[in-house]
Structures are given as structure tokens and as C-alpha cells.
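This report concerns only the one structure given below.
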2 protein chains.
Amino acid sequence: MSRSHTHVSQEVTAQACPLVEVIDHVAGKWSISILVAAAHGPVRFTELERSIEGISRRMLTLNLRRLERDGLLTRTVHPTVPPKVEYNLTSMARELHSYLTGLVEWAERHRGSIAQARTAYDSTAAATQAGQPHP
Amino acid sequence: MSRSHTHVSQEVTAQACPLVEVIDHVAGKWSISILVAAAHGPVRFTELERSIEGISRRMLTLNLRRLERDGLLTRTVHPTVPPKVEYNLTSMARELHSYLTGLVEWAERHRGSIAQARTAYDSTAAATQAGQPHP
DNA sequence: CAGTATCCCCTTCGATACTG
DNA sequence: CAGTATCGAAGGGGATACTG
């Protein structure tokens, strides 16, 4: 996304770091899963990989790096063999955590209603214009 | 190791509406902007288009449809000329709204710290491996 | 164990143009 | 006003293979 017209003069941090981008990083589906999964304490790479259903190693790494860069996660490497890397939430991220769990709990509570809403919407669309992708 | 093993995944994904997908729809950057912008009352298409900085008409339409399909927005067409379409949050979405504003306020509060964290991270990486992230 | 690197598909998104 | 249609560029994301 490129800024089309911006109030360029004053807040440099706002320029370097648009709100929408922060939200995008923090509220992406993998970010949320990672932050929630990492909240209960130091967590290792493979733990995350196993506990987050459907994430690939690549996506996990990418998101981990981005969250670390944004100051939401700390990454601690223990110079042992085999290597051991632990991730923790920063205090900033711990503050975020309650909103995220609120969101996740909301999603759990309403998952059923949403599924129903979709079915209803799809059948309405089918009745209206009789052109649905094959079931 | 199944302590803190979340029971939300396996059998639920068998259903049509995985949790991660719900979260993705509801917490995407445009979805959040739209839901927050639509919270204060009936809002029209062009109002949204103008109030959400950086969104394209296409993205607005796509996200609006998806939110409507998921049962988070109602779309009311007034058969006048010129046409008038109003969007409202459903009660389900109104419940979501507090978490979303919490998130947005968090992002506003910490935008500066995040920008700093990025700068720090980037200079550390540059010092460590003399290789900048791809421009 | 904890990643990187590479290939490649497929979705996302912006730009633009057209319509009821 | 409130969309829909189409195109082409960008990059998200999976599969796989390799490394310190």
C-alpha cells in the first residue's frame, strides 16, 4: 500500500510506521496465533510449529522475525548443542495479549453463527441470480 | 507434550469455518478499519471510501461483501435515484467492536515504540551480518 | 534443533474502464 | 451513487532440500 496523500510535515514515526501497517502486522492470522501461543511462557521454535495448526516452517520463521523486529517478541539463543531458541513476549506484547484473546474468544463464540450467516448469504445469492459455483 | 494443548483445532476444522479463517476475515487491516468506521451508525459506501485512508474501491467492495456474508454487516439498499446504500454493524459485530478499538488504541499508543524497535533491529542486523533487508 | 534457500503457483491488490 | 469487469504486477505461501 502506498500513501497517496499524507500529512508529511510532523510525525516522522507515523510516516515510518503507519497505523494500518502496525495493525496488519499484529493482527494477521499467523501473528495472532503466534502471540497467543507464546504468551504462556518461553516457547521454542518446534513447539510453536506443532501447536499452530497449519503453519509452515517458512511462514513461522517469517512471522517470528517480523514480530521480533517490531519489538513484540524477544528471541533468546542458547549456545548449546543442539541449539535451543526461546521466544518470549515483550511487555508491549503482553499488553496486547488481552485484546487478542478477547478477539479469539469472540471468534470461538460466534464461529457457528458465522457459518450459518454464510450459508444463508450463499443461498440468497443463489436464489437471486441462480449462478453459483458448483456445489 | 500436551500441556496447554488447545482443543480448538482438529475436529473443528472439519467444520466449514476454521477459527483461523474467522480471525483472518475479522482482523484483516481493512476489515478492522471498516468495522470501526461503520460502528457509529448507518454509513454509506462513499463515506467509507473517504474515511478509510488508502483503501481502493475494489478492496472496499470485496471486504464489505465478505463482512456481509459473515453476518457482521447489514447492507440496506434504498431504491431511490440516485441509489443509497447503508451499512450497519450487526449485534455480533458490535460485540466485536470493543476488542477492535482496544487493538487500534494499542497500536496508536505503541506506534512510536514499534518504529524504534524496527530501527534498532535493523541496525543490529546490519552490524551483525553486514547485510541489509531487501530494498 | 532451528533455521535458510529455491522454485513456483495462486491469491491479492491497484489501476482503469464501464453500468444500473 | 454504488458498484462490476478485467488486467497485470506483486508477493504471500506451500513443498522441498540443504546447513550450522
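Order of the sequence lines fixes the chain letters, A, B, ..., with proteins taken first and strands second; residue numbering starts at 1 for each chain.
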Over how many whole Å does the gap from [X] atom [atom1] to [N] atom [atom2] extend?
{"X": "B:Glu86", "N": "D:dG3", "atom1": "CD", "atom2": "P", "result": "12 Å"}
{"X": "B:Leu73", "N": "D:dA2", "atom1": "CG", "atom2": "P", "result": "15 Å"}
{"X": "A:Leu48", "N": "C:dG3", "atom1": "CG", "atom2": "C1'", "result": "13 Å"}
{"X": "A:Glu47", "N": "C:dG3", "atom1": "CD", "atom2": "P", "result": "13 Å"}
{"X": "A:Ile34", "N": "C:dG3", "atom1": "CD1", "atom2": "P", "result": "11 Å"}
{"X": "B:Arg75", "N": "D:dA2", "atom1": "CZ", "atom2": "P", "result": "10 Å"}
{"X": "B:Ile52", "N": "D:dA2", "atom1": "CD1", "atom2": "P", "result": "14 Å"}

Does any part of the side chain of [Y], heavy atoms only, come nearer than 4.5 Å to the side chain of [X], both counted from C-beta?
{"X": "B:Met92", "Y": "A:Ile114", "answer": "yes"}
{"X": "A:His78", "Y": "A:Val85", "answer": "no"}
{"X": "A:Leu64", "Y": "A:Phe45", "answer": "yes"}
{"X": "A:Val22", "Y": "B:Trp106", "answer": "yes"}

Return a single string for nucleotides 12-20 of chain D, one symbol per nucleotide in 5' to 3' order, where B is base contact, S is sugar-phosphate-only contact and - is none, cutoff 4.0 angstrom on heavy atoms. -BBB----B
So if I take every side-chain heavy atom of A:Phe45 and compare against D:dA2, C:dA2, C:dC1, which nucleotide ends up nearest?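 Nearest to the side-chain atoms of A:Phe45, counting from C-beta on, is C:dA2.
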With a 3.5 Å distance limit and no angle check, can you tell me whether [X] reaches the backbone of [Y] through a side-chain donor-acceptor pair?
{"X": "A:Thr61", "Y": "A:Arg57", "answer": "yes"}
{"X": "A:Arg69", "Y": "B:Asp122", "answer": "no"}
{"X": "B:Thr124", "Y": "B:Ala120", "answer": "yes"}

Please name all residues satisfying side chain to side chain donor-acceptor pair (under 3.5 Å) with A:Arg66, sequence neighbours left out, ordered by chain then number.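 Partners of A:Arg66 by the side chain to side chain donor-acceptor pair (under 3.5 Å) criterion come out as none, since no residue qualifies.
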Hey, mind stepping through B:Ser31 and B:Asn63 against side-chain contact (heavy atoms from CB on, under 4.5 Å) and telling me if it holds? CA-CA 6 Å; B:Ser31 302; B:Asn63 278 276; 3.5 Å; yes
Could you tell me, to 10°, how much the axis swings from one end of the helix from C:dC1-D:dG20 to C:dG20-D:dC1 to the other, five pairs per end? 60°
Does a side-chain N or O from B:Thr46 land closer than 4.0 Å to OP1 or OP2 of D:dA2, or not? yes
